[in-house]
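The next block holds one structure in the form of structure tokens; read it before the comments.
Hydrogens, waters and symmetry mates play no part in the numbers below; they use all other heavy atoms, side chains included. Remember, predicted model here, so these are calculated numbers, not experimental data. We name chains A, B, ... by the order of the sequence lines, and we start the count at 1 in each one.
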Amino acid sequence: YALGGSAWKKRVLTWRVQSFPRGSALRPDVVRTLMHFALAAWGAETDLTFREVGTQDTPEPDILIGFSQNFHEDSYPFDGPGGTLAHAFFPGEHPISGDTHFDDEETWTFGVKDGEGTDLFAVAVHEFGHALGLGHSSAPDSIMRPFYQGPVGDPAKYRLSQDDREGLQQLYGKASQTPSAKPTRKPLTAPPQPPALPPDSPSTPFPDRCQGNFDAIANIRGETFFFKGPWFWRLQPSGQLVSPRPARLHRFWEGLPADVRTVQAAYSRPDGRILLFSGSRFWVFRDRLREGEPRQLTALGLPEGEQVDAVFSWPQNGKTYLVRGGRYWRYDEAAQRADPGYPRDLGLWEGAPLAPDDVTVSNAGDTYFVKGTQYWRFPKGTVQADPDSPQPLGPQWLDCPRPPQTTPQPGGCNCQCEINQ
Amino acid sequence: APEPSAHDLSLGVDWLTRYGYLPPPHPGQLQLRSPLKLRDAVKVMQRFAGLPETGVLDAVTVAAMRRPRCSLPDVLGLAGLVRRRRR
């Protein structure tokens, strides 16, 4: 553990939630309850007592809790969704000492699986550690690690790690009673019970990534995104999934209209902009959706009403390829116009499947055609698929079990062959 | 591991400074940082992030810098604050 350098001299600390999250599904009474339990987690290990006060009480409480956005009159402006989540001020005599701020632009949640939002209880326990005088710890199981690590379970049963307990007790000593016998909170009114945690199976059904058949796949700033319906998974450059549970499309791609339920193709342009395609329209994102979107595919040289199965930018020539069925068009980003003489036959890409789900280029520069549960790899700079293509997508990319090896059975078969296979 | 790109290096140094792993640049000095200092800073950051302490600003480390986190600096020693660590 690490100490911040100051501690409270008193043992009864007051607190109040000054502002509540505006865009969150969490009701104010749930937020208050979660704060009670987050403080109680620390109070259980020492003789500290936390008392909630009302707005009419003076002086100002020791720990003033608020949800705010961007610049909010301290030295730590928030940065919107992701990035920094919250902060708190170490103990002291200054009015802001002990105050705890949460970024109102996060999707604050409680009781949902990791990946759905940011668990308010887990972050609150961490921040109250600062408000009581602890700095960041690198201990593996410490709540004071600086990076968000996901939900920590039932607030009523939560107990600090040994590292956190020892850090706190260094500042305030051990509790004179056992945690279970000690009253750790004294709310204004009887707080509601913590919301019940959902069962292990999430209430919202989401697709199985191991079944493949993605709508779109794209390499976006080094990470591979797999889109399926209103969901997507992210694969880090290290090859690790950000979460086995997919994230919601519209929570991440802000501004994408709610009626867009699938992304049919996606790619990252050489200038860093990200294009999502659905139907005959496409949207351009950078840090956020560009104004004036969507645009029509005709702007990229496709005929009126045409759609795309796959879009990718080929590093060898910097051109953008737009694939539909067994044909493709080519767009010159530098000249901002479609190349003449297209569409052409996709057969140029020897071994590629017709109507791929999408095509993407890896960080190593190889091109991958993906269809169903398989991928076809085209080594960097070539238009010939690896001889051992196709390969199963899930085990290689998505942490899925390898399909069982099947032994060919003698006798007739009912199979179809495509000219490229 | 390949050398980090100039873009990643710039972002990485900015991030390491913001969270206390590197001292803030002095306005009157050239912003030269020795590779050794940078490697040490990256190693400490990797410890906090739960990554192997290689000292290399590789893709995994840069990706970790993009993870959601608390705004407070991780290393407070530069501010002269008391730090104690369990053995």
* Asked: Excluding sequence neighbours, so at least two apart, what forms ring-ring contact (aromatic ring centres under 6.0 Å, His included) with W8(A)?
  -> none
* Tell me, do H136(A) and F48(B) make a side-chain contact under 4.5 Å, heavy atoms counted? -> yes
* Neighbours of chain B found in residues 99-109 of chain A - heavy atoms under 4.5 Å -> none
* Asked: Of the backbone (N, CA, C, O) and the side chain (C-beta and beyond), which part of F78(A) lies under 4.5 Å from a heavy atom of chain B, both, or neither?
  -> side chain
* Reported OG1-to-CZ distance for the pair T84(A) and R18(B), which is rounded to 0.5 angstrom -> 8.0 Å
* **Choice from P73(B), A64(B), P68(B) maximising heavy atom contacts with chain A below 4.5 Å** => P68(B)
* **Which portion of P146(A) sits near chain B, non-hydrogen atoms under 4.5 angstrom** => both
* To do: Name the option with the most non-hydrogen atom pairs under 4.5 Å to chain B; the candidates are H130(A), E127(A), Q236(A).
  => H130(A)
* Asked: Checking heavy atoms, do the side chain of F147(A), its backbone, both or neither come under 4.5 Å from chain B?
  -> both
* **Shortest non-hydrogen separation from S71(B) to H87(A) and the atoms involved** => OG-ND1, 3.1 Å
* Structure fact -> Heavy atoms of A88(A) and L72(B) approach each other most closely as O-CD1, 3.2 Å
* **S138(A): which of Q46(B), M45(B), R47(B) passes side-chain contact (heavy atoms from CB on, under 4.5 Å)** => R47(B)
* Structure fact -> Minimal heavy-atom distance between H126(A) and C70(B), with the atoms involved, is NE2-CB, 3.4 Å
